[in-house]
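All residue numbers in this chain count up from 1 along the given sequence. First listed ligand is number 1; within each ligand, the first listed atom is number 1.
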Amino acid sequence: MSNNLRIIVIDDNPAIHQDFIKILTANKEENKADTHIIAMEREIFGEPEKEEGLPEFEIETASQGKEGVQKIKKALEEGRPYSLAFVDIRMPPGWDGIETIKHIWELDQTVQVVICTAYSDYTWEETIEQLGQRDNLLILKKPFDNIAVRQLACALTKKWQLAKEAKQYTSELEEKVHERTEKLKYQATHDLLTDLPNRVLLLEEIKNAIERSKKNNKLFSVLFFDLDRFKLINDSLSHEAGDEVLCAVAKRLKSAIREDDMVARLGGDEFVIIMKDIRNEEDFIKLIDKLLVVFDKPFRIKNHDIKLTTSIGVAVYPKDGKNFELLLRNADTAMYRAKELGANQFQFYTDELNKRNLERLEKEAELRRALSNEEFFLYYQPQFDLKSETLVSVEALIRWQHPTKGVIYPMDFIPLAEESGLIVPIGEWVLRTACKQNKKWQDAGFIPIRVAVNVTTKQFRLYNLVDIVAKILNETGLEAKYLELELTENTIVNNIDIINTIHDLKKMGIQIVLDDFGTGYSSLNYLRELPVDRLKIDQSYVQNIDTNRGDDFIIQAIIAMAHSLNLEVLAEGVESEKQLEFLKKHKCSEVQGFYFSKPIPPELCEELLKDPHNLKLAEEIEGKIED
Ligand code: C2E
Ligand code: MG
Ligand code: MG
């Protein structure tokens, strides 16, 4: 595509088109005709002085205003705009010159225009009135003077070109200035190492949060983080490693906060998080939990696994400060107190908040520690088939060997584990340990039995249980049919995701048991659709056998219903001969309870496995175990 200057001649007289073409390309034509003479001259007199001839114009013509405007439009779209238009004032039957020029400028303000007129339909004043006072409008009187046409063409196209260049240059300059300003602005408000907002942006954000909080009446808090013993990393590894740690921490913190919240780096190993729109303490604890998890996994830096802890000080607006200076200062003070108290902990600026939350956070920290210190262990409670009088399964039940408080039972820590999300790693540990144990028994040559593992709603919600179970079965080599999962019936109702997960688990060959059956809201309909293998009658009914006739009926009804749906029924919490007799009479298929055995450690299970038909043995063993 040529870069020639483009000129359009809009005139209803084709002869005029030719005139323009001739005038504006004249010297080129002459040159062409006399090429051989020029060549001879050059031979004799040498290269002539360069003569400023006409620039290379590309000339287009149109016989009507409308046609001309269309051509201008097309040229614009193609990115090859016209620089100059010669427009005849009278072009019947279509638009006259004035009308045409208006349209031209609607499309492109920069086109230079020369009105060509033999006599004036419009005076200059009228033209100005119509088109406005412009510096790209000139008048050319007919008949033309060739020189005047050439001068106009040269001057106006040059003017157009210069204006265009100037405009481009200015916009490039503006762009550069804009880019630089943005960059400077970013650099002034961000930390170079971690790319997090710095103090400047943080202060602005706190000010905004204060305004927002005043409007919506919600709290917000400022959390001051300081990494514990960070200096050690710098000194013992290198500053470079230290930098890597800071970047890694920044990245994890950033992924743990909500979109609206902010994490900033103040410098060194100090970070600040602003948590906005907090409705209540529950909200707050949940968010803090998420932040704590950030430091659970070690950081892999330069081939070292570095375990980091942090001390955190918290100030809550408006209680702990009404402006950003106070809030930051008080969060900082609280952080120092946390450090004094031995690091790796939280400290609220307000004592009252401290007391309430600290206990709970402490408990969570303990749970977390329990997992990494392997303080959990499993007991197994036998389950017998009544018809064959055989040990068929054991239920894995978790216990916590607390370093100072002794053994803690699941009811005292599973709810907290669920709330804090720790149930996920704990649950995975239970699954793995139980499957491994069962496989170990089978490998030792005992008769194969099932192992039952309790799973909670959170475990379904927080991760893909199917993947985890598949991974663990694969890892331990236990066949799926020897694993059963106990879900409480309330877990399942009305949650389509959970129901789908159950179907997937069932497809893998795992047995599904509805635990504590009778306490939830199961309807017959949904039981029919769920791929359940067994119902486990809740122990509260079993324990009321003989004392509450209503419960007797419920048990009978559950058994009858299970049979009609082709499900097995297990009664849990069997404690007496009477209860056992009742269950036998009503054809309950399996039993579990203190009458046979309490939950026992795996070594004692082996005694049972050696003699699986001896139900009395369980009773004997019971004497040797926990209460
Ligand atoms: P659950 O699944 O209904 O487990 C049965 C509970 O009843 C066990 O308490 C067991 O020791 C107790 N039990 C068994 N037979 C009798 C009896 O004859 N009489 C009486 N009074 N109690 C009996 P435990 O071990 O304290 O577990 C309590 C609950 O904690 C379990 O109820 C289960 O929901 C949960 N749990 C236990 N281990 C785990 C676990 O690994 N993961 C999860 N998510 N939950 C668990
Ligand atoms: Mg259970
Ligand atoms: Mg139960």
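Residue Ile426 does not touch ligand 1, judged by heavy-atom distances below 4.0 Å. Of the heavy atoms in Gln381, only side-chain atoms (C-beta onward) come closer than 4.0 Å to ligand 1.
A heavy-atom separation below 4.0 Å is found between Gln543 and ligand 1. Not a single heavy atom of Gln592 sits under 4.0 Å from any atom of ligand 1. For the ligand labelled ligand 1, residue Gly427 lies outside the 4.0 Å heavy-atom shell. Assignment of Glu418 to the shell around ligand 1 is not supported, since no heavy atom sits closer than 4.0 Å.
Atoms of ligand 1 lying under 4.0 Å from any heavy atom of Glu572, numbered from 1 in the order shown and given with element: 3 (O), 5 (C). The atoms of ligand 1 that sit less than 4.0 Å from any heavy atom of Gly593 are 15 (N), 18 (O).
Dense packing is recorded around CZ of Arg258, with more than 12 heavy atoms of other residues, nucleotides or ligands lying under 6.0 Å away.
Remark: Asp269 pairs with no residue by the salt bridge (charged side-chain N to carboxylate O under 4.0 Å, His left out) rule, at least two apart or across chains.
Residue contacts with ligand 1: Asp516 is placed with a nitrogen or oxygen under 3.5 Å of a nitrogen or oxygen of the ligand (distance criterion only).
Among Gln539, Gln459, Glu575, the residue whose heavy atom lies closest to atom 6 (C) of ligand 1 is Gln539. Here the shortest heavy-atom distance to atom 39 (C) of ligand 1, taken over Leu487, Ile398, Leu378, belongs to Ile398. Across Pro599, Ser597, Ala434, heavy-atom proximity to atom 11 (O) of ligand 1 is greatest for Pro599.
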